[in-house]
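See structure below.
Labels below follow one simple rule: chain letters A, B, ... track the order of the sequence lines, proteins then strands, and each chain is numbered from 1.
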Number of protein chains: 2
Amino acid sequence: MIRLLLAEDQGMMRGALALLLGMEHDIEVVAQVGRGDEIVDAALVARPDVALLDIELPGRSGLDAAADLRDEVPDCKVLILTTFGRPGYLRRAMEAGAAGFLVKDGPVEDLAEAVRQVLRGETVIDPALAAAALSAGPNPLTGRERDALAASVDGATIADIAASLHLSESTVRNYLSSAIGKTGTRNRMEAVRAARRQGWL
Amino acid sequence: MIRLLLAEDQGMMRGALALLLGMEHDIEVVAQVGRGDEIVDAALVARPDVALLDIELPGRSGLDAAADLRDEVPDCKVLILTTFGRPGYLRRAMEAGAAGFLVKDGPVEDLAEAVRQVLRGETVIDPALAAAALSAGPNPLTGRERDALAASVDGATIADIAASLHLSESTVRNYLSSAIGKTGTRNRMEAVRAARRQGWL
DNA sequence: CGGCACCCGGGACATTTGTCACGGCCAGGT
DNA sequence: ACCTGGCCGTGACAAATGTCCCGGGTGCCG
């Protein structure tokens, strides 16, 4: 019996997946969580063989949680399941020690099979996505550029960002300008979108 | 036997829902589509009793499709299923003649029951959401304000928006300024976010 | 040690954005 | 006939944003 942990914030999706996977004769869903910061605790209790993690979760990113699991529950294989096949996500997932990366398009039938594959030690990745991730290259943004960009997603002004990062306004402007240049865009909003699309957030 | 049409763009979600609903003894999924502009055609062929529609679909919004169905397949009840419980969405769904409005949080078990309820002629709406929709009041934005705001979502400049709407730059500025005022925000980006959160897009 | 990249900041400048006051046009309702 | 509200535009102005150039500090690597 494969013991499975399921982390997904959308209640209906989580319930549906749990039911479907539970119907497989060799899979047992031993834990379900709706928040990223509950993953490690649940895994320590339930001792799953495989963790199926969404990326965009409240509390803690599924990618961060994957890294945590590698350290604290190393026997547990991690399978990332996400809406967006962003190259940067795939890259980060691999760096966090994930054994597989699936997007929520594509048929449900693949899911159970993917679980079995990672448990056999295989790595499962959509080939087209892998190619995109390689051709895209690594994240060119420095840490602070990323911070500044991330702090500006919800329409914050330079002053807001400077305050939240404890920086001077001049510094923030420089970081943003640099990020805009590196993304090849014309303003903050475009830069944010471009960075998000690449999974650089 | 309840004949059901399912419109949902995320392949995995669509497949999971189809399987789950198909397992109900009194429900039969007679059509599945992944695009909004395929809904009416599919309904004309499959003649479903209930259409379960996501809102954010490629091609055509599920809300628009709901209005189309009311005209072209009036016997078909419409049940909206969406990720975001925005007040404006609920309002528009009701105006489009929807018989129910569900959010993708909350348990899967409710789903089949909601289908049966709308078929009995009942209206199913989350009570908390209904309250929010009423307290929020109607959309205060005029048509052109909405257009200008919608055209600025992906970081377009004033010049871009003016070109895409065939307007003068001054006019666009005035609309945006007005929209910013009505949303009580400080700039375009915040206004877009606020309008989206309300379902005013 | 000398580069190099990242971090942090200042100053000056052009451009963009947001605001305000003001026109005119047209449709609707009183 | 008048008023109201949406639509479209202009001009002027202050504020925010983006760019460029400059400085200094740190730590890492060859």
Side-chain angles (χ1 to χ4, degrees), chain A residues 88 91-92 95 136-201, chain B residues 88 91-92 95 136-201:
Chain A
R91 183 178 296 266
R92 282 198 272 160
E95 287 166 1
N139 187 342
L141 300 176
T142 70
R144 289 312 239 171
E145 286 163 0
R146 223 178 17 249
D147 294 342
L149 214 49
S152 75
V153 289
D154 40 329
T157 68
I158 300 269
D160 295 339
I161 305 173
S164 79
L165 263 61
H166 306 291
L167 288 177
S168 141
E169 302 198 8
S170 307
T171 310
V172 173
R173 288 139 148 294
N174 286 335
Y175 284 144
L176 287 179
S177 180
S178 169
I180 290 168
K182 287 181 179 176
T183 51
T185 52
R186 294 173 301 169
N187 53 46
R188 275 220 288 272
M189 221 157 157
E190 283 193 356
V192 166
R193 288 179 63 82
R196 260 220 266 252
R197 189 156 34 79
Q198 295 289 330
W200 294 340
L201 208 133
Chain B
R91 183 177 296 265
R92 283 198 272 160
E95 287 166 1
N139 186 344
L141 301 176
T142 70
R144 290 312 241 172
E145 286 163 0
R146 222 177 18 250
D147 293 342
L149 214 48
S152 74
V153 289
D154 40 329
T157 68
I158 300 269
D160 295 338
I161 305 173
S164 80
L165 263 58
H166 306 292
L167 288 176
S168 143
E169 302 197 8
S170 307
T171 310
V172 173
R173 272 125 77 79
N174 286 336
Y175 284 144
L176 287 179
S177 179
S178 170
I180 290 168
K182 287 181 179 175
T183 51
T185 51
R186 296 174 300 170
N187 53 46
R188 274 220 291 270
M189 221 158 159
E190 283 193 355
V192 166
R193 288 180 62 83
R196 260 220 266 252
R197 188 156 34 79
Q198 294 290 331
W200 294 340
L201 206 130

| query | Hey, where on DNA chain C does chain A first and last touch, going 5' to 3'? Cut-off is any atom under 4.0 Å from a heavy atom. | reply | dC6(C) to dG10(C)

| query | What does S177(A) touch in the nucleic acid at a heavy-atom separation under 4.0 angstrom: a base, only the sugar-phosphate, or nothing? | reply | base

| message | Test: side-chain hydrogen bond (donor to acceptor under 3.5 Å, both in side chains). Region: residues 147-168 of chain B. Which pairs qualify, not counting sequence neighbours? | response | R186(A)-D160(B), R144(B)-D147(B), T157(B)-D160(B)

| Listed by chain and number, what are the side-chain contact (heavy atoms from CB on, under 4.5 Å) partners of S178(A), not counting sequence neighbours? | E145(A), K182(A)

| message | Near DNA chain C, counting only heavy atoms under 4.0 Å, which residues of residues 149-172 of chain B show up? | response | T157(B), I158(B)

| Which atom pair, heavy atoms only, marks the closest approach of L165(B) to A151(B)? | CD1-CB, 4.0 Å

| said: Ignoring hydrogens, what is the shortest heavy-atom contact between R188(B) and A156(B)? Give both atom names and the distance. | reply: NH2-O, 3.2 Å

| message | With heavy-atom distances below 4.5 Å as the criterion, would you say the side chains of R91(B) and N139(B) are in contact? | response | no

| note | Sorted by chain and number, sequence neighbours left out, side-chain contact (heavy atoms from CB on, under 4.5 Å) with I180(B) holds for T185(B), A191(B)

| Quantified as the angle between the terminal helix axes (five pairs each), what is the overall bend of the helix from dC1(C)-dG30(D) to dT30(C)-dA1(D) to 10 degrees? | 30°

I'd like a table of donor-acceptor pairs (distance under 3.5 Å, sequence neighbours excluded) in which one partner is a side-chain atom from residues 192-201 of chain B, with atom names and distances.
none

| Where along residues 181-201 of chain A does a heavy atom fall under 4.0 Å from DNA chain D? | N187(A), R188(A)

| field | Gap between atom CG of L149(B) and atom OH of Y175(B) - 0.5 Å precision | value | 13.5 Å

| field | Distance, rounded to the nearest Å, where L176(B) contributes CG and dC8(D) contributes P | value | 13 Å

| In chain order, what residues pass the side-chain contact (heavy atoms from CB on, under 4.5 Å) check against R173(B), with sequence neighbours excluded? | I158(B)

| query | Residues two or more places apart in sequence or in another chain: which of them pass side-chain contact (heavy atoms from CB on, under 4.5 Å) with N174(B)? | reply | none

| message | Counting the atoms with a prime plus P, OP1 and OP2 as sugar-phosphate, which does R144(B) contact under 4.0 Å by heavy atoms, base, sugar-phosphate, or nothing? | response | sugar-phosphate

| In whole angstrom, what separates E145(A)'s CD from dG18(D)'s P? | 14 Å

Could I get a table of every N or O pair under 3.5 Å where one atom is in the protein and the other is in nucleotides 22-29 of chain D?
none

